[in-house]
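Here's the structure we're looking at; comments come further down.
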Amino acid sequence: MRTNIRRTALAGVAAVLSVGLLVPAGAAFATPGHGHGNQPGHSAPANDSARKALKDAIKGANTTYSNVVHAARDAFRNDPIVVKALADRKAVVSNSTDPAAIDAAKLAFAGAIVGPAATRDAAIATALGVWEQTVDAAIGAYDLATNPTDAAALATLRGAIRAANVQYRSDMKGANDAYRTAISHAASVRRVAVNIAIAAWNASAKDAAAADAFHAAIVAAKTAFDQDATVIAAKADKAAAITAAKAARTTAVDAARAAFLATTGHEAPRHVRPVLPKA
C-alpha cells in the first residue's frame, strides 16, 4: 500500500490553486455571438476584438503563473531538506511494525519541511496575486467594451462569487485536513499490518498459500481500518463539513445573483465559467 507522502508535501499547493474568478463563457472560450452583454447571433467586430483580448490576456497570465509554480514546486522537491525528510519518513513508514514510530515519522516529516514549504507557498501566492490582478483587469476591460451599463454590477457579482468559491475550497480543504489528522493513527496501524504482511510474503515460498495469506492480511488490515470507531466518526464529520460547505456556497452565490438583480433590474448572466490559474 502506497503512502501519501507526495500529497502531504504538496497540500499547500492545492490550496493555492483553488482560487477562482468568473469570466464570460463566450469571451474566455471564444464562442462568437454568445458573450454576456451581446445578443446571440449579433457579435460586433468590436466585441470580437474585446473577446480575443480577454482570451489572450488569460492565456498569458496562465503561462506566467505556470512558470512560477513549476519552478517553485521543483525547488521544493529538490530541496535537500525535503529530499532527506522524504527518505527518512519512507524508511520508517515502509518498514516499521510500531504504529507509534510511524506516527513520529509523520510528525518529523511535517516539521522538517515547514521552511521549504513556506518558501514554495510564498512564491506561488505572489504569482497568484499577479495572476488575479491581470485577469481581473482583462475581464473588467471586456465588460466595459461589451456591456458598459452592467460593468460595475458584473465586477461586484464576480467578486462575490469568487469569495464564495474561495471560502468553499477553504472549507473543503479544512474538512479533508481534519479527516487526515483524525485518521492518522489508524492509518499507521493499518500500515503496520501491511508491513508485516509484506515481510511475511518476502520470507515465504511465494506459493499459492502464501499469496492467499498475503491477500487475507491486506483485506483484514483494510477492514480493521474501515471499522475503526475513530475512522467512522471522521468520515461522518467530513461528510457533514462538505455538505455544510456546499450549502454555504450555494447561499452566497444565490445572494450575489439576487444583489445583481436588485442593482440592474435583470437576472445575472448564466453564461459565466470559473477561471482558474493553470499550473
Side-chain angles (χ1 to χ4, degrees), residues 14-62 64-65 125 127-175 241-279:
V16 173
L17 291 176
S18 67
V19 179
L21 296 170
L22 288 178
V23 68
F29 298 90
T31 306
H34 290 277
H36 79 252
N38 299 329
Q39 293 299 319
H42 296 280
S43 177
N47 289 355
D48 290 341
S49 177
R51 192 175 294 118
K52 182 179 185 303
L54 175 56
K55 183 178 179 180
D56 289 345
I58 293 175
K59 181 179 179 181
N62 280 336
T64 300
Y65 177 82
L128 180 62
V130 173
W131 181 91
E132 287 179 338
Q133 290 175 2
T134 301
V135 174
D136 270 338
I139 296 176
Y142 175 84
D143 284 340
L144 285 173
T146 62
N147 191 358
T149 301
D150 291 342
L154 286 168
T156 301
L157 174 67
R158 281 195 305 273
I161 294 180
R162 177 169 63 187
N165 285 337
V166 169
Q167 185 61 53
Y168 169 73
R169 290 177 173 89
S170 176
D171 291 343
M172 292 290 285
K173 182 180 183 300
I242 289 174
T243 297
K246 290 179 178 178
R249 180 178 62 172
T250 297
T251 298
V253 170
D254 287 347
R257 296 184 68 83
F260 183 91
L261 173 61
T263 300
T264 65
H266 57 81
E267 296 287 342
R270 291 288 178 182
H271 297 294
V272 290
R273 298 178 183 177
V275 176
L276 301 176
K278 296 181 180 178

- Item | Pair Asp150-Asp143, side-chain contact (heavy atoms from CB on, under 4.5 Å): steps then yes or no | CA-CA 8 Å; Asp150 291 342; Asp143 284 340; over 6 Å; no
- Could you give me the CA-CA distance, side-chain angles and deciding distance for Leu128 and Tyr65, then say whether side-chain contact (heavy atoms from CB on, under 4.5 Å) is met? CA-CA 7 Å; Leu128 180 62; Tyr65 177 82; 3.9 Å; yes
- Item | Tyr142 and Asn47: CA distance, side-chain angles, deciding distance, side-chain contact (heavy atoms from CB on, under 4.5 Å) verdict | CA-CA 8 Å; Tyr142 175 84; Asn47 289 355; 5.8 Å; no
- Task: Please lay out, stage by stage, how Asp56 and Lys52 fare under the test salt bridge (charged side-chain N to carboxylate O under 4.0 Å, His left out).
- Result: CA-CA 6 Å; Asp56 289 345; Lys52 182 179 185 303; 2.7 Å; yes
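For the ring pair (Phe, Tyr, Trp, His ring centres under 6.0 Å) condition, no pair includes a residue of residues 143-164, sequence neighbours left out.
The shortest distance between side-chain heavy atoms of Pro269 and Leu154 falls below 4.5 Å.
For the atom pair NZ of Lys173 and CZ of Arg169, the computed distance is 14.0 Å after rounding to the nearest 0.5 Å. We find the CG-OG1 distance between Asn62 and Thr134 to be 10.0 Å, quoted to the nearest 0.5 Å.
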What donor-acceptor contacts under 3.5 angstrom involve side-chain atoms of residues 245-256, with partners at least two apart or in another chain?
from: Thr250; atom 1: OG1; to: Lys246; atom 2: O; distance (Å): 3.0
from: Thr251; atom 1: OG1; to: Ala247; atom 2: O; distance (Å): 3.0

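Scored by the side-chain contact (heavy atoms from CB on, under 4.5 Å) test, Ala153 finds Phe260, Thr263, Thr264 as partners (sequence neighbours excluded). With sequence neighbours left out, Gln167 forms a side-chain hydrogen bond (donor to acceptor under 3.5 Å, both in side chains) with Asp171. Tyr168 pairs by the ring pair (Phe, Tyr, Trp, His ring centres under 6.0 Å) definition with nothing, not counting sequence neighbours.
With respect to the salt-bridge test (charged N to carboxylate O, under 4.0 angstrom), the residues Asp136 and Arg158 do not qualify.
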